[in-house]
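Here's the structure, in structure tokens; my notes come after.
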Amino acid sequence: MHPVLRLLLISIAFTLGSSMTASVSAAPAAYFDSSGRDDVLSGGVKMITVQTPKGAFRVWTKRVGNNPAITVLLLHGGPGATHEYFEAFDSFFPNAGIEYYYYDQLGSAYSDQPDQPALWDLPRFVEEVEQVRKALKLDKTNFYLYGQSWGGILALEYALKYQQNLKALVISNMVASIPAYNRYASSVLMPAMDQKALAEIKQLEAKGQYDDPRYEELLMRHFYVDHILRMPQDQWPDPVLRAFAKINKKIYVPMQGPSEMGASGKLVDWDRTADLPKITVPTLSIGARYDTMEPAQMEKIAKSVKKGRYLYCPKGSHLAIYDDQQTYMAGLTRFILDVDAGRF
């Protein structure tokens, strides 16, 4: 080959390689520049005062990254769990240049935990999210609201009341109907379980022995490792263990009910299926094959809203963020960047 031609081909290859590298490179330096932000002193942490019918309380938030054009507010599950199991996002969002906020809802972990049963109500939680949005100065130009499990209920309710403030919506591992969730649990999940173990679980529930170590042992062995997080119990990630250990049962039990195998609390009749067409902002619904929620119902969300996309995690369960992580993170990140680029 002629030396000049060889040099030309090498030059072209180098240019193409550099271009491809740039397309998947880490976030720009500006992403790590927090100068001018009002939370620099505390490393991104901001305590936000929210007004409630029972007075003013403070909730904990923490910003990661600096990209005001793409800002994701993370709504954790439970109700009454914590932001901690979302720490897996640290391995993915920064490289995509996505700014995001951890947030403990009132009554959870680092936020105030008032002993006020009247506050554990879905409409009040919606108003709390709206106050947090205002405090963080998020709006329809940059506000991506993400909710997982109970957080998905909260995100959906927020969108139905305040979608004029949203850039996009993500509903992860949640259906739009608790009655549908309960039907799936009783007609599909429970019949597939070890029936002897199921009978003992139901016996303990009938006696109200939800705190019995045997109850937790049976659920972990015969339900959680199949439908909550498909990993051996001794391999569950630390962020998940910390979040589970801190669940505020004074919130969880009244709203969800004491069992993870179905809902029996205040949310038992919650159903927004008929209202899904009212949502007009770009919406991603994430479902998983082994979830406690029926995948077809999660896909239905994407098909019913005005602008929907469905992300299916074939290896995942309720915490597909961990047990089908590559599929989950790639699809979620792609959705966010597609919305930002006007490709959705």
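The first residue of the sequence shown is numbered 1, and numbering continues consecutively from there. It should be emphasised that the depicted structure is a prediction, and the values quoted were computed from it without experimental measurement.
- Both M220 and Y215 belong to a single network of hydrophobic side chains, linked directly or stepwise wherever heavy atoms of I, L, V, M, F, W or Y lie under 4.5 Å apart.
- Put simply, the side chain of I178 reaches to within 4.5 Å of the side chain of I153, judged on heavy atoms.
- Transitive grouping of hydrophobic side chains (ILVMFWY, heavy atoms separated by less than 4.5 Å) keeps L311 and M293 in distinct clusters.
- Applying the salt bridge (Lys or Arg N to Asp or Glu O under 4.0 Å) rule to E294 yields no partners; only residues at least two apart in sequence or on another chain are considered.
- Here the closest heavy-atom approach between residue L122 and residue M255 is recorded as N-CE, 3.9 Å.
- Taking both residues in full, the closest heavy atoms of I286 and C313 are given as CG2-SG, 4.1 Å, listed atom of the first, atom of the second, then distance.
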Review point. Do Y102 and H76 pass the ring pair (Phe, Tyr, Trp, His ring centres under 6.0 Å) test, and can you show the C-alpha distance, the side-chain angles, and the key distance before you say yes or no?
Key: CA-CA 9 Å; Y102 292 124; H76 62 69; over 10 Å; no

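- Residue pairs that meet the salt bridge (charged side-chain N to carboxylate O under 4.0 Å, His left out) test with at least one member in residues 79-97, sequence neighbours left out, are E84-R242, E84-K246, E87-R242.
- Between W150 and F125, a ring centre-to-centre spacing shorter than 6.0 Å is recorded.
- In this structure D211 satisfies the salt bridge (Lys or Arg N to Asp or Glu O under 4.0 Å) test together with K249, sequence neighbours excluded.
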Please list, one pair per line, the donor and acceptor atoms closer than 3.5 Å that link side chains of residues 182-194 to other protein atoms, with sequence neighbours excluded.
unit_1 : atom_1 : unit_2 : atom_2 : d
N182   : OD1    : A263   : N      : 2.8
N182   : ND2    : A263   : O      : 3.1
S186   : OG     : N182   : O      : 3.1
S186   : OG     : R183   : O      : 3.1
S187   : OG     : R183   : O      : 2.6
D194   : OD1    : K196   : N      : 3.0
D194   : OD1    : A197   : N      : 2.9

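- For the atom pair CD1 (I201) and CD (Q209), the distance works out to 13.5 Å, reported to the nearest 0.5 Å.
- Among residues at least two apart or in separate chains, side-chain hydrogen bond (donor to acceptor under 3.5 Å, both in side chains) pairs with a member in residues 44-55 are D38-K46.
- Counting only residues at least two apart or on different chains, no side-chain hydrogen bond (donor to acceptor under 3.5 Å, both in side chains) pair has a member in residues 222-235.
- Side-chain contact between T292 and F223 is present, with heavy atoms from C-beta onward closer than 4.5 Å.
- Taking the salt bridge (Lys or Arg N to Asp or Glu O under 4.0 Å) definition, one finds that K140 meets it with nothing, sequence neighbours left out.
- Hydrophobic clustering, with ILVMFWY side chains joined whenever heavy atoms are under 4.5 angstrom apart, keeps M47 apart from L136.
- When side chains are defined from C-beta on, Y85 does not count as touching L241, because their heavy atoms never get closer than 4.5 Å.
- H83 has its ring centre no less than 6.0 Å from the ring centre of Y101.
- Side-chain contact between E205 and S259 is present, with at least one heavy-atom pair separated by less than 4.5 Å.
- Nearest approach of I70 to Y144, heavy atoms of both residues: CG2-CE1, 3.8 Å.
- Panel note: side chain W270, backbone S177; no donor-acceptor pair is recorded below 3.5 Å.
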Review point. Where do I279 and Q163 land on the side chain to side chain contact (heavy atoms under 4.5 Å, CB included) test, with the steps shown first?
Key: CA-CA 7 Å; I279 297 179; Q163 69 175 314; 4.1 Å; yes

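- Screening residues 308-321 for salt bridge (charged side-chain N to carboxylate O under 4.0 Å, His left out) gives R309-D338 as the qualifying pairs, with residues at least two apart or on separate chains.
- Checking T327 against D324 by side-chain atom types alone, a donor-acceptor pair falls below 3.5 Å.
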Review point. Going through the distances and angles, do Y158 and E127 end up as a side chain to side chain donor-acceptor pair (under 3.5 Å)?
Key: CA-CA 8 Å; Y158 179 90; E127 296 311 312; over 6 Å; no

Practice item. Tell me, with the steps shown, if T71 and F143 meet side chain to side chain contact (heavy atoms under 4.5 Å, CB included). Key: CA-CA 5 Å; T71 302; F143 181 25; over 6 Å; no

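- Residues passing the salt bridge (Lys or Arg N to Asp or Glu O under 4.0 Å) test with R334: none are found, sequence neighbours excluded.
- Using modelled atom types, one side-chain atom of N248 and one backbone atom of G107 make a donor-acceptor pair closer than 3.5 Å.
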Identify every side-chain donor-acceptor pair in residues 301-308 under 3.5 Å, counting partners at least two apart or on other chains, and give the distances.
unit_1 : atom_1 : unit_2 : atom_2 : d
S304   : OG     : K300   : O      : 2.7

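- Under the 4.5 Å side-chain heavy-atom criterion for Ile, Leu, Val, Met, Phe, Trp and Tyr, Y210 and I247 are members of distinct hydrophobic clusters.
- At distances below 3.5 Å, at least one donor-acceptor pair connects side-chain atoms of D323 with backbone N or O atoms of S317.
- Of the possible polar contacts, one joining the R63 side chain to the G65 backbone as a donor-acceptor pair under 3.5 Å is found.
- Environment of CZ in R37: crowded, with over 12 heavy atoms of neighbouring residues, nucleotides or ligands closer than 6.0 Å.
- Counting only distance, with no hydrogens or angles, the side chain of S108 and the backbone of A81 share a donor-acceptor pair below 3.5 Å.
- Here the closest heavy-atom approach between residue D275 and residue L160 is recorded as O-CD2, 3.6 Å.
- Side chain of T283 to backbone of V281: a donor-acceptor contact under 3.5 angstrom is found.
- Counting heavy atoms from C-beta outward, L138 and V132 have side chains that stay 4.5 Å or more apart.
- Salt-bridge check for E130 with K161: failed, with every basic side-chain N at 4.0 Å or more from each acidic carboxylate O.
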Exercise for review: Could you please spell out the steps behind the salt bridge (Lys or Arg N to Asp or Glu O under 4.0 Å) verdict for E217 and R214?
Suggested key: CA-CA 5 Å; E217 177 190 344; R214 177 62 177 169; 3.1 Å; yes

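- Here the shortest heavy-atom pairing between K62 and G43 reads NZ-O, 2.7 Å.
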Review point. Step by step, would you call L75 with Q148 a side chain to side chain contact (heavy atoms under 4.5 Å, CB included)?
Key: CA-CA 6 Å; L75 302 183; Q148 195 274 341; over 6 Å; no

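- Residues F89 and F86 bring their aromatic ring centres within 6.0 Å.
- Two residues are said to be in side-chain contact when any heavy atoms from C-beta on lie closer than 4.5 Å; Y103 and E128 meet this criterion.
- Shortest non-hydrogen contact noted between Y181 and M261 is OH-C, 4.3 Å.
- The backbone N or O of N67 lies less than 3.5 Å from a partner atom in the side chain of E99, making a donor-acceptor pair.
- Under the 4.5 Å side-chain heavy-atom criterion for grouping Ile, Leu, Val, Met, Phe, Trp and Tyr, V170 is not connected to M174 through any hydrophobic cluster.
- Here ring pair (Phe, Tyr, Trp, His ring centres under 6.0 Å) pairs that include residues 299-328, with residues two or more places apart or in two chains, number zero.
- The side-chain hydrogen bond (donor to acceptor under 3.5 Å, both in side chains) pairs that include a residue from residues 112-121 number zero, where partners must be two or more places apart or lie in different chains.
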Exercise for review: Please lay out, stage by stage, how D139 and L166 fare under the test side chain to side chain contact (heavy atoms under 4.5 Å, CB included).
Suggested key: CA-CA 6 Å; D139 59 38; L166 291 174; over 6 Å; no

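- Contact check for I336 versus F93: side-chain heavy atoms found under the 4.5 Å cut-off.
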